[in-house]
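Worksheet: the structure to be examined is printed underneath.
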Amino acid sequence: MQELSLDETFVSVSGKKGDVIVDLRTNSSTYKEWIGIELSEENHRALHITRGLHTDLQL
């Protein structure tokens with residue numbers, strides 16, 4: 001997993017990709033919680049991840 005040093009936004013302009021985000025901030029009320037999301041050109045979703053969270057891109 002990659003810890004983000006800056007906020008990042010992910011989108012898919014072609015095809016599909018999945019992403020899993022895990023909160024590994026020990027002082028957070030959502031510590032160790034995770035979500036998964038599919039980004040595709042069909043669903044037009046975007047994912048904004050704040051600094052301190054971890055992401056693992058699934059292709």
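In this text the structure is predicted, and so the values were computed from the model without any measurement. All residue numbers in this chain count up from 1 along the given sequence. Just so you know, these numbers use all the heavy atoms, side chains as well, and skip hydrogens, waters and symmetry mates.
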ask   = Can you name the residues that form a side-chain hydrogen bond (donor to acceptor under 3.5 Å, both in side chains) with Ser14, not counting sequence neighbours?
value = none
inquiry  = Checking His44 now: which residues fulfil side-chain contact (heavy atoms from CB on, under 4.5 Å) with it, not counting sequence neighbours?
reply    = none
query = With Thr30, which residues qualify under side-chain contact (heavy atoms from CB on, under 4.5 Å), at least two apart?
reply = Asp23, Arg25, Ser28, Glu33
inquiry  = Assigning hydrophobic clusters by single linkage (Ile, Leu, Val, Met, Phe, Trp, Tyr; side-chain heavy-atom cutoff under 4.5 Å), is Ile35 placed with Ile49?
reply    = yes
key: Same apolar cluster: Leu24 and Val20, side chain cutoff 4.5 Å   = yes
task = Could you work out the complete set of other residues in the hydrophobic cluster of Val13, with links drawn between I, L, V, M, F, W and Y side chains under 4.5 Å apart?
result = Val11
What heavy-atom pair brings [X] and [Y] nearest, and what distance separates the two atoms?
X: Glu41; Y: Gly15; result: OE2-N, 2.9 Å
X: Val22; Y: Trp34; result: CG2-CB, 3.9 Å
X: Arg45; Y: Glu38; result: CD-O, 3.8 Å

inquiry  = Would you say that Leu47 contacts Ile21 through its side chain, given a criterion of any heavy-atom pair below 4.5 Å between the two side chains?
reply    = yes
ask   = Is there side-chain contact between Asp7 and His48, with at least one heavy-atom pair below 4.5 Å?
value = yes
